[in-house]
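What follows is a set of notes on a single structure, which appears directly below.
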Amino acid sequence: MTRLTTDDIQDVRFELNAYDRHLVSVTGQSLLGIGASAAGVRDVGQLRDAAPSIPMAVVPIRSGLGVITGFVETVCGILVHMGFDASVTVNSDVSGFAEAIERGAQVILAADDDRFVAFCPRQGKTVDNSRATASGFVAGLDRMAGGLAGKDVLVIGCGPVGRWAVEALLKRKARVSVVDQVTAKAADLARWIQRAYHSTIRVASDTETALATHQLIVEATNAADVVHARHVTADTRIAAPGMPCGVTPRARKKLAGRILHDPLPIGVAAMACQAARIIAEQPLSSNPTAHDGESE
Ligand code: 2YG
């Protein structure tokens with residue numbers, strides 16, 4: 001699990017309009033559209049209309065290595081950009097969660113060193129960032145490729161995001177190959193997929209060979225120089241959720257826009273849309289008691 005730095009995210013929330021235009025040019029969809037597609041929400045217009053009435057709170061968490069300057073503000077900025085009624089709590093940690101609930105938040109987003117999660121407390125559900133990020137980038141690749149059904153897709157990196165990307169690709173009927181610098185991790189994933197989904201995926205022997213025979217790629221490693229210009233053809237399209245970006249600058253230049261990469265927006269968009277879907281599918285009584293024993 002890669003830990004973001006302030007440098008990774010510091011400009012993101014100020015450049016979301018330009019990034020949305022970039023996504024439309026590369027995928028034909030906005031951040032909201034990609035998030036909706038990732039969450040299996042068909043009616044994006046209905047989601048856009050509902051968003052302002054879904055109160056969301058982002059809570060700073062000081063455990064472990066502590067807060068990342070700009071992290072909760074960036075997450076909140078992405079949610080507001082998409083039209084959700086989002087804000088950062090004044091308090092952090094337990095006090096921040098209490099503040100969020102007492103202010104009526106229906107979705108609470110928070111991250112410690114191990115997990116970044118959207119909580120839907122009234123429905124007792126969670127949305128994990130790794131799974132949402134994988135589904136968001138696969139949804140974007142689907143749009144770039146004009147559909148994935150029956151097409152060969154290579155997943156590089158068998159960590160949490162790579163594993164969930166395999167699941168999202170299988171749901172879209174892609175033919176999946178996986179490769180990891182630790183071959184055993186790729187083999188373990190293939191066995192897990194066979195047991196969990198009764199589906200077969202191929203384990204590539206090495207990255208170089210795999211890249212020579214694949215044009216549709218999910219780059220989900222935490223390495224920097226995985227995909228080089230020599231691997232890029234006119235048909236190559238890459239969804240690159242891995243941090244740092246595993247596609248070299250020369251390869252990105254050759255791809256001329258046929259690549260998706262960002263440190264937070266697509267993953268947060270998919271989390272928010274999944275949470276909105278959970279709320280829509282499990283609405284509860286209008287005013288459940290937020291807490292027992294009125295606070296003085
Ligand atoms: O509240 C805070 O500011 C910190 N406790 C946030 C810590 C987040 C640590 N996790 C990461 O940096 C990433 N796993 C977040 C998701 C990256 C998505 N590509």
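Start at 1 and go down the list; that is how both ligands and their atoms are numbered. Sequential numbering from 1 along the given sequence is applied to the chain's residues.
At least one N or O atom of Ala111 sits closer than 3.5 Å to an N or O atom of ligand 1. Here's the thing with Leu264: none of its N/O atoms is less than 3.5 angstrom from an N/O atom of ligand 1. The N/O atoms of Phe71, backbone and side chain alike, include none that comes under 3.5 Å of an N/O atom in ligand 1. Distances between N or O atoms of Phe116 and those of ligand 1 include no value under 3.5 Å. Residue contacts with ligand 1: Ile61 is placed with a nitrogen or oxygen under 3.5 Å of a nitrogen or oxygen of the ligand (distance criterion only).
Close approach of ligand 1 to Asn129 (heavy-atom distance below 4.0 Å) involves ligand atoms 16 (C), 18 (C). Of all atoms in ligand 1, listed by their number and element, those nearer than 4.0 Å to a heavy atom of Pro60 are 1 (O). Proximity to Pro263 (heavy-atom distance under 4.0 Å) selects the following atoms of ligand 1: 17 (C), 18 (C), 19 (N).
Classification of Arg21 and Glu15 as a salt-bridged pair fails, no side-chain N sitting under 4.0 Å from a carboxylate O. Under a 4.0 Å N-O distance rule, the pair Asp188/Arg191 qualifies as a salt bridge. No salt bridge links Arg258 with Asp235; every basic N to acidic carboxylate O contact stays at or beyond 4.0 Å.
Counting only non-hydrogen atoms, the option in Asp112, Val59, Ile266 that gets closest to atom 9 (C) of ligand 1 is Asp112.
Not a single heavy atom of Gly267 lies less than 4.0 angstrom from ligand 1. Put simply, part of Gly66 is less than 4.0 Å from ligand 1, judged by heavy atoms.
Taking the six-membered ring for Trp and the full ring otherwise, the centers of Tyr19 and Phe14 sit at least 6.0 Å from each other.
With a 4.0 Å heavy-atom cut-off, ligand 1 is reached by the backbone of Thr2 but not by any atom from C-beta on. In Leu65, neither the side chain nor the backbone holds a heavy atom less than 4.0 Å from any atom of ligand 1. Using a 4.0 Å cut-off between heavy atoms, Ser92 makes no contact with ligand 1 at all.
Between the side chains of Thr233 and Thr236, at least one donor N or O lies within less than 3.5 Å of an accepting N or O. Judged by distance alone, the side chains of Lys125 and Gln282 do bring a donor and an acceptor atom under 3.5 Å apart. Between the side chains of Arg103 and Ser87, at least one donor N or O lies within less than 3.5 Å of an accepting N or O. Under the 3.5 Å distance criterion, with hydrogens and angles disregarded, no donor-acceptor pair is assigned to the side chains of Gln29 and Ser37. Judged by distance alone, the side chains of Glu219 and His261 never bring a donor and an acceptor atom under 3.5 Å apart.
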